[in-house]
Amino acid sequence: MFTNAGTSSFTTFLSRVAPEMLPGRRPLPPGMAADMAPHATTIVAISAAGGVVMAGDRRATMGNLIAQRDIEKVHPADAYSLVGIAGTAGIGIELMRLFQVELEHYEKIEGAMLSLDGKANRLASMIRGNLGAAMQGLAVIPLFAGFDLAAKDPAGAGRIFSFDVTGGPYEETGYDAIGSGSLFAKSALKKRFRAGLSIDDATRLAVEALYDAADDDTATGGPDLTRRIYPVVMTATAEGTHRLTDAETASIAESVVAARMENPGG
């Protein structure tokens, strides 16, 4: 199995060689297990002129406790796409890393990059494989976004895909959010989003949406000025994926907090 080229899908290969290593294939004890593991929360994504912005807060919770203050929920899926996770943190991180390997494996076997729709469909099938664990409370819902290299108009090449627990992929228009604070984040985005936002404006809007989510959702962490813990913000454009530096994110977050000191409602 290891010396043959085989399938271009790494998850299919793994299901034949070592199925027990796939998140959805592990046997679980009966009953609900949702309170046994930390949960990641709010992720937002915004389409902008020339790309897409994705940002996530840094808090993971376990029941009414803060399990981790600086978890990273937004990562590059490949050179032109991003993935953010909400739900059971451990399974989500494992699923995200497996997705990264899936895309890299396909590119090495086929000699070409998957289309953005193809990437979304691959991620959907991986989520579907975790359905058994999800029904026992260990659900993972990712948010996927990227720059579509096949888009006719580069200004509108930033695309966003959401998923349900059964793996159904849905393309979103303009913006989307997932996680426990998503209701509040989307409410903020609904009032402020405009088509054709610049990457810089979309970045600030994403941080503001996370601030509003943290203001009403205890599981979402706002900018922590004392510990200097700020949201993870990434972009995907024609130049590839880019993560804002800590200094850049700190500048935006501190500006948002200062503005809210004068106008708490934004």
Side-chain angles (χ1 to χ4, degrees), residues 40-61 66-86 89 92-93 96 100 142-147 158 160 175-182 184-186 188-189 192-193 197-264 266:
T41 49
T42 311
I43 307 291
V44 300
I46 304 171
S47 296
V52 66
V53 174
M54 185 178 288
D57 80 302
R58 305 290 295 276
R59 179 175 291 177
T61 58
I66 297 176
Q68 189 172 349
R69 299 180 186 274
D70 59 353
I71 187 174
E72 297 189 1
K73 310 169 191 175
V74 177
H75 299 267
D78 66 358
Y80 293 96
S81 61
L82 307 167
V83 61
I85 57 166
I93 291 171
M96 176 271 301
Q100 291 174 325
L143 189 61
F144 177 68
F147 183 87
I160 301 168
Y175 62 86
D176 196 37
I178 57 171
S180 60
S182 61
F184 310 109
K186 284 194 280 191
L189 292 171
R192 302 286 303 279
F193 175 80
L197 285 171
S198 68
I199 290 290
D200 290 342
D201 289 342
T203 298
R204 181 180 175 95
L205 182 55
V207 175
E208 290 202 19
L210 289 176
Y211 184 99
D212 286 330
D215 197 36
D216 288 294
D217 175 42
T218 58
T220 302
D224 191 332
L225 305 187
T226 302
R227 298 180 178 88
R228 299 193 65 79
I229 300 173
Y230 305 104
V232 173
V233 183
M234 297 195 69
T235 63
T237 64
E239 286 74 39
T241 58
H242 169 70
R243 173 172 171 164
L244 271 65
T245 66
D246 290 341
E248 290 172 325
T249 309
S251 176
I252 297 170
E254 289 169 4
S255 174
V256 169
V257 172
R260 294 303 178 92
M261 292 292 287
E262 299 179 3
N263 181 14

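In this text, all values refer to a predicted model and were calculated from it rather than measured experimentally.
Annotation: salt bridge (Lys or Arg N to Asp or Glu O under 4.0 Å) contacts involving residues 255-264, sequence neighbours excluded, comprise E208-R260, D212-R260. Sorted by first and then second residue, the salt bridge (Lys or Arg N to Asp or Glu O under 4.0 Å) pairs involving residues 218-237 (not counting sequence neighbours) are D224-R227, R228-E254.
For S81, the side chain to side chain donor-acceptor pair (under 3.5 Å) partners at least two apart in sequence or on another chain are D78. For D201, the side chain to side chain contact (heavy atoms under 4.5 Å, CB included) partners are L197, S198, not counting sequence neighbours. Not a single side chain to side chain donor-acceptor pair (under 3.5 Å) links T218 to another residue, sequence neighbours left out. For T237, the side chain to side chain donor-acceptor pair (under 3.5 Å) test picks out E239, with sequence neighbours left out. For A49, the side chain to side chain contact (heavy atoms under 4.5 Å, CB included) criterion is met by no residue, not counting sequence neighbours. Scored by the ring-ring contact (aromatic ring centres under 6.0 Å, His included) test, F193 finds Y175 as partners (sequence neighbours excluded). Looking at residues two or more places apart in sequence or on another chain, you find a ring-ring contact (aromatic ring centres under 6.0 Å, His included) between F144 and F99. Among residues two or more places apart in sequence or in another chain, the salt bridge (Lys or Arg N to Asp or Glu O under 4.0 Å) test is passed with R58 by E72. Evaluation of the side chain to side chain donor-acceptor pair (under 3.5 Å) rule for D216 yields no partner, not counting sequence neighbours. Under the side chain to side chain contact (heavy atoms under 4.5 Å, CB included) criterion, D176 pairs with L143, I160, S162, E172, I178, K186, sequence neighbours left out.
Not one N or O on the side chain of S255 forms a donor-acceptor pair closer than 3.5 Å with the backbone of S251.
Residues D57 and T220 have side chains that never bring a donor and an acceptor to within less than 3.5 angstrom of each other. For K73 and T42, the side-chain atoms include no donor-acceptor pair closer than 3.5 Å.
P76 is listed as a side-chain neighbour of M234, based on a closest heavy-atom distance under 4.5 Å.
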